[in-house]
Amino acid sequence: MSKIGFTAAKQKLVAALDNGDYLHAARSGNLNSKNLLLPGQVSAEQIASIVKACQGPDYTSDPLHSCPSVEVYILKGDGWYIKFCFLENPSVMFISAQQLGYHDQILRTWR
Amino acid sequence: MTKFYGPGDKSQAICDNCEDLVSTTFAYRSVPFDDSSGSVDNILVAVCDQCGTVLSVPPQSTPAIRRAREAATVSLEVNLRAPEIEILDTAAYEIDREATPRFRKPLITYYLNRLQAESDLLENTRRDFPIWAEQRKAIYARGDIPRRRLSFKVTPRTQALFSELTIKTGWQKTELVRSIVMLVGQDFIVQPNDKPLNYLRQVASLVNA
Ligand SMILES: [Zn+2]
């Protein structure tokens, strides 16, 4: 799949969050404990609003190591680190939606 | 309509094992967390059609994961003198007027993480705490000061951080929590500091959104 521009990527990502058209990638067969969206410590709506607030410079992409035909995108905004790729089905595969630094651990203790 | 998967449904994922974009099939599996804090039994996941590795998890498995996460928590309890609880609550109130007692735990976790990450802070705290504790002792000797129980559930990871710091400092759990009370007092009462305040306000606004 070819590289997707920032505005289109943002739209696609927000739409996938709205429709639940996403999956969470497992890490070597395990649940990624840093992905706060996975146990619902942050909601899809909250991630969508963080994504909406991201600017062009917050957006980078690189081919995936283990599978270079797939482009991996990273959005960094408001202390968040959101890593994902676009597929056909699901439209979005979340590799992680985590907080930078120890933010994530504080959030995890919250509820 | 929101996507909802059933066993036998197909999707795609990237398999590190097969080093390829592969097709997957949904099935029920017990899946461990990657931080060795247990596993979640029988959740719907997508499995690699080529090698059988669990590759992805749908949002509909989130409630089960959340319950498992909560079940894996450990209780932490310490007895503190009432004024020390008041220090924590004063800071919590400053951060978020809505969520005072709820904010004790994130407040403590924040300082635990900083003590772990910032060696200067740990060193200064080790130096200052015994002096502070002596001063408190003198204050508490003036009258009958009640004790209050501070009790909360923490994740296995926070529990591990607690243990690590008690080893590093040579303190008991209660002393470690009290040293955090001292830091909170310094940052929020003695010499108000914007850094922790703004940071924790940001966290509070996010969780209360
Ligand atoms: Zn495979």
Side-chain angles (χ1 to χ4, degrees), chain A residues 1 16-47 49-50 64-70 72 78-80 85-96 99 101-111, chain B residues 1-5 10-21 24 31-35 37 39-40 45-46 53-63 65-66 68-70 102 105-110 112-114 116-117 152-155 157-158 161 199-200 202-203 206-207 209:
Chain A
M1 220 182 278
L17 284 163
D18 279 352
N19 307 327
D21 189 9
Y22 60 91
L23 294 174
H24 300 285
R27 281 164 59 108
S28 317
N30 296 337
L31 300 171
N32 174 7
S33 58
K34 288 200 164 165
N35 180 355
L36 297 181
L37 191 54
L38 185 58
Q41 257 150 333
V42 64
S43 68
E45 293 76 30
Q46 284 173 297
I47 292 294
S49 65
I50 292 157
L64 186 64
H65 255 298
S66 56
C67 183
S69 65
V70 176
V72 173
D78 204 16
W80 284 85
C85 55
F86 293 112
L87 303 176
E88 296 290 330
N89 169 31
S91 9
V92 170
M93 179 68 74
F94 277 102
I95 296 163
S96 200
Q99 290 228 282
Y102 37 75
H103 245 104
D104 67 314
Q105 200 175 0
I106 297 166
L107 266 182
R108 256 188 262 188
T109 63
W110 186 264
R111 294 182 176 121
Chain B
M1 198 175 115
T2 298
K3 274 234 177 173
F4 203 79
Y5 298 94
K10 294 285 184 182
S11 71
Q12 299 170 293
I14 295 125
C15 182
D16 283 343
N17 192 27
C18 302
E19 298 193 331
D20 205 0
L21 182 62
T24 59
V31 191
F33 286 105
D34 62 0
D35 62 354
S37 64
S39 65
V40 193
V45 295
T53 306
V54 171
L55 294 186
S56 73
V57 186
Q60 74 203 63
S61 294
T62 286
I65 295 169
R66 184 177 186 134
R69 240 344 194 197
E70 279 161 7
R102 278 216 304 159
K105 187 166 65 170
L107 189 62
I108 289 171
T109 316
Y110 166 76
L112 276 176
N113 278 278
R114 282 192 55 194
Q116 178 75 340
F152 39 69
K153 287 188 157 48
V154 297
T155 59
R157 196 173 141 198
T158 303
L161 185 56
Y199 184 90
L200 287 162
Q202 205 190 332
V203 174
L206 188 70
V207 271

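Chain letters run A, B, ... following the sequence lines, proteins first and then strands; every chain starts at 1. Nothing here was measured: the structure is a model prediction, and the numbers come from that model.
For B/Tyr5, the part lying near chain A is the side chain, with the backbone staying farther off; criterion is any non-hydrogen pair under 4.5 Å. Using a 4.5 Å cut-off between heavy atoms, B/Thr53 touches chain A through its side chain atoms alone. No part of A/Phe94 comes within reach of chain B, as not one of its non-hydrogen atoms sits under 4.5 angstrom from that chain. Using a 4.5 Å cut-off between heavy atoms, A/Leu64 contacts chain B through its side chain alone, with no backbone atom that close.
Of all the heavy atoms in A/Ser43 and A/Leu37, the pair that sits closest is C-CD1, 3.7 Å. Of all non-hydrogen atoms in A/Trp80 and A/Gln99, the two that sit nearest each other are NE1-NE2, 2.7 Å.
In this structure, A/Asp18 has no salt bridge (Lys or Arg N to Asp or Glu O under 4.0 Å) partners at least two apart in sequence or on a different chain. Looking at residues two or more places apart in sequence or on another chain, you find a salt bridge (Lys or Arg N to Asp or Glu O under 4.0 Å) between B/Asp34 and A/Arg27.
Between the side chains of A/Ser96 and A/Asn35, not a single donor N or O lies within less than 3.5 Å of an accepting N or O.
Chain B forms more heavy-atom pairs under 4.5 Å with one residue of A/Ser49, A/Ala44, A/Ser28, A/Pro39 than with any other, namely A/Pro39. Per-residue counts of heavy-atom pairs under 4.5 Å with chain A were compared for B/Asn17, B/Asp16, B/Ile14, B/Leu21; the largest is that of B/Ile14. Counting heavy-atom pairs closer than 4.5 Å to chain A, the top residue among B/Ile108, B/Leu55, B/Thr24 is B/Leu55.
Two residues are said to be in side-chain contact when any heavy atoms from C-beta on lie closer than 4.5 Å; A/Leu31 and B/Val57 meet this criterion.
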